[in-house]
Protein chains: 2
Amino acid sequence: MSEDTPTGESDTATLFRFLNEVAIVAQLSGNAFEKVMPGTMTLPQFIVLNHLVRLGDGRTPLRIANALQVSKGAMTNTLGHLERAGWIAVRPDDVDRRSKRVDLTGAGREAHAAAIDALGPELAWLAGAVPPARVRAALPLMEEMRRALDVRRG
Amino acid sequence: MSEDTPTGESDTATLFRFLNEVAIVAQLSGNAFEKVMPGTMTLPQFIVLNHLVRLGDGRTPLRIANALQVSKGAMTNTLGHLERAGWIAVRPDDVDRRSKRVDLTGAGREAHAAAIDALGPELAWLAGAVPPARVRAALPLMEEMRRALDVRRG
DNA sequence: CCAATGTAGTTCGATGTCGAACAATATAGT
DNA sequence: ACTATATTGTTCGACATCGAACTACATTGG
């Protein structure tokens, strides 16, 4: 949520508007993706699966939470849903018994592949609607902003 | 939530990464703002107040919901919190009795001003951490993307 | 004038998020 | 070794979001 439309203003005002747009785009794109995702899979669930598929499973919940910038509590919640869906398996870590390890199941990899397939057309449509060159050009800015906010957070 | 880091890839892959970053920046900036907001005010509540202060009050809930791109149900919820806080007053519309009208209260304007004051330093810090010129340059892209997603939604 | 449709708002259930409190376990410092 | 501190994960309450079902009222077409 967020919005509005000023005129010709200060750096902070522009930044504020920019963050408004960022929030709306995040919301709308998230909703659009959830609508095409197969079955009961939600976006946060897909993002965790995608993370494990791409960077490897066997990670700890905390490591995943940090990588995806969500709280431990949020990760506990999402991993619970993924496990109940049969898409991941969680095992204890014998070396550090406070910890757990998260593995993908075969069903999890299949569900991820299905989601990727479903997302393709949506992404292709959006790539056709906005100039990819400008998206590419703006990526570093978003990454910098993310890093800056992440640092400030601690 | 979202994340990851590929290499040199297709337009849709870049777009996907871009949307990941957008989602994280939205989340982190939202959290950062909520942390400095005065009292019990949340970000969605501030955004509604800000909308009313800048574009004028007396609007209907549905009109606000559409402008801010949230569902009617979400707006009912947020307006309820704002009303209980004494920051807005909701009155029936005598012309169209299905409708309501949302007015700011004096306390609401004061709370908004206090929030703006609290947000200032945060925005100034972020404006110092990322090049404002690049933010300005990227704004139109975000607006286009928002419009594209909004159209697709219907 | 009435029936069919459309629109404004509310309610509900599922999901997600944060942050704080808590338990279990590990590590460090003396 | 033992105590103090740090880390991992869970739980809980408050808030937010969507989307679908539902009520109340308005508009449109015959």
Side-chain angles (χ1 to χ4, degrees), chain A residues 1-2 23-24 26-37 39-48 59-85 88 90-102 149 153-154, chain B residues 1-2 23-24 26-37 39-48 59-85 88 90-102 149 153-154:
Chain A
M1 182 158 131
S2 58
I24 290 191
Q27 169 117 19
L28 292 179
S29 65
N31 290 352
F33 283 0
E34 276 203 1
K35 254 180 246 169
V36 300
M37 301 250 281
T40 64
M41 192 184 297
T42 66
L43 188 54
Q45 290 165 20
F46 168 74
I47 289 169
V48 169
R59 288 159 197 272
T60 70
L62 184 56
R63 200 166 161 211
I64 303 172
N66 288 338
L68 303 188
Q69 315 270 25
V70 294
S71 66
K72 296 183 296 180
M75 190 49 57
T76 296
N77 182 24
T78 298
L79 291 178
H81 283 284
L82 287 172
E83 191 170 26
R84 272 169 249 135
I88 61 171
V90 181
R91 57 182 157 91
D93 181 331
D94 295 314
V95 177
D96 184 340
R97 285 190 304 175
R98 293 168 302 182
S99 239
K100 295 185 171 178
R101 297 292 174 156
V102 179
L149 288 164
R153 192 184 54 153
Chain B
M1 181 156 138
S2 58
I24 290 191
Q27 170 115 24
L28 293 179
S29 65
N31 291 351
F33 282 0
E34 276 204 0
K35 255 180 242 169
V36 300
M37 301 249 281
T40 64
M41 192 185 297
T42 66
L43 188 54
Q45 289 165 23
F46 167 74
I47 290 169
V48 169
R59 288 161 196 273
T60 70
L62 184 57
R63 200 167 160 212
I64 303 171
N66 287 337
L68 304 187
Q69 317 271 21
V70 294
S71 66
K72 296 184 296 179
M75 189 49 57
T76 296
N77 181 24
T78 298
L79 291 178
H81 284 283
L82 287 172
E83 192 170 26
R84 272 169 250 135
I88 62 171
V90 181
R91 58 181 157 91
D93 181 331
D94 295 314
V95 178
D96 185 340
R97 284 191 303 175
R98 292 168 302 183
S99 237
K100 294 185 171 178
R101 296 291 174 157
V102 180
L149 287 164
R153 194 186 50 155

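Chain identifiers are assigned alphabetically (A, B, ...) following the order of the sequence lines, protein sequences preceding nucleic acid strands; residue numbering begins at 1 within each chain.
Regarding contacts with the backbone of D/dT17, every side-chain N or O of B/Q69 stays at 4.0 angstrom or more from both OP1 and OP2. Phosphate contact (OP1/OP2 of C/dG16, side-chain N/O of A/Q45, threshold under 4.0 Å): present. Note on B/H81: a side-chain N or O is less than 4.0 Å away from OP1 or OP2 of D/dA16. Considering only side-chain N and O atoms, B/S99 lies nowhere under 4.0 angstrom from the phosphate OP1 or OP2 of C/dA8. B/T76 has no side-chain polar atom (N or O) that falls below the 4.0 Å cut-off from OP1 or OP2 of C/dG9. Between B/T78 and D/dT17 there is a side-chain N or O to OP1 or OP2 distance below 4.0 Å. OP1 and OP2 of C/dT15 both lie 4.0 Å or more from every side-chain N or O belonging to A/T40.
Shown here is A/R63, whose CZ atom has no more than 12 heavy atoms of other residues, nucleotides or ligands within 6.0 Å.
The residue A/N77 sits close to a base: some heavy atom pair falls under 4.0 Å. Contacts of A/V90 with the nucleic acid, taken as non-hydrogen atoms under 4.0 Å apart, are absent. At the heavy-atom level, A/T42 lies under 4.0 Å from the strands shown only through sugar-phosphate atoms.
With contacts defined as side-chain heavy-atom distances shorter than 4.5 Å, the pair A/R59/A/V102 does not qualify. Looking only at side-chain heavy atoms (C-beta outward), B/P61 and B/T76 stay at 4.5 Å or farther from each other.
In this structure, of C/dG16, C/dA8, D/dT17, it is D/dT17 that holds the atom nearest to the side chain of B/P44. Of all nucleotides listed (C/dA26, D/dT17, C/dG9), D/dT17 comes nearest to the side chain of B/A74. Among the nucleotides C/dT17, D/dT8, D/dC18, the one closest to any side-chain atom of A/L62 is D/dT8.
Per the geometry, CD belonging to A/Q27 stands 13 Å off P belonging to C/dT17, to the nearest Å. Rounded to an integer number of Å, the gap from A/L43 CG to D/dC18 C1' is 13 Å. Going from atom CE of A/M75 over to atom C1' of C/dC18 covers 13 Å, rounded to whole Å. For the pair A/N31 CG and D/dA16 P, the computed distance is 17 Å after rounding to whole Å. Rounded to a whole Å, the CE atom of B/M37 is 16 Å from the P atom of C/dC18. Rounded to a whole Å, the CE atom of A/M41 is 20 Å from the P atom of C/dA14. Counting to the nearest Å, the P atom of C/dG9 and the CZ atom of B/R63 are 12 Å from each other. The nearest whole Å value for the distance from the CG atom in B/D96 to the C1' atom in D/dA24 is 11 Å.
Toward the 5' end of DNA chain D, the nearer of the two residues B/R98 and B/G73, judged by each one's closest nucleotide, is B/G73. Both A/D94 and A/K72 lie near DNA chain C, and the one whose nearest nucleotide falls closer to the 5' end is A/K72.
Considering A/D93, A/V90, A/D96, A/D94 in turn, A/D93 is the only one that fulfils the side chain to side chain contact (heavy atoms under 4.5 Å, CB included) rule with A/R101.
Nearest approach of A/E34 to A/L43, heavy atoms of both residues: OE2-N, 2.9 Å. The two atoms that bring A/A26 and B/A26 nearest to each other are CB-CB, 3.8 Å, heavy atoms only.
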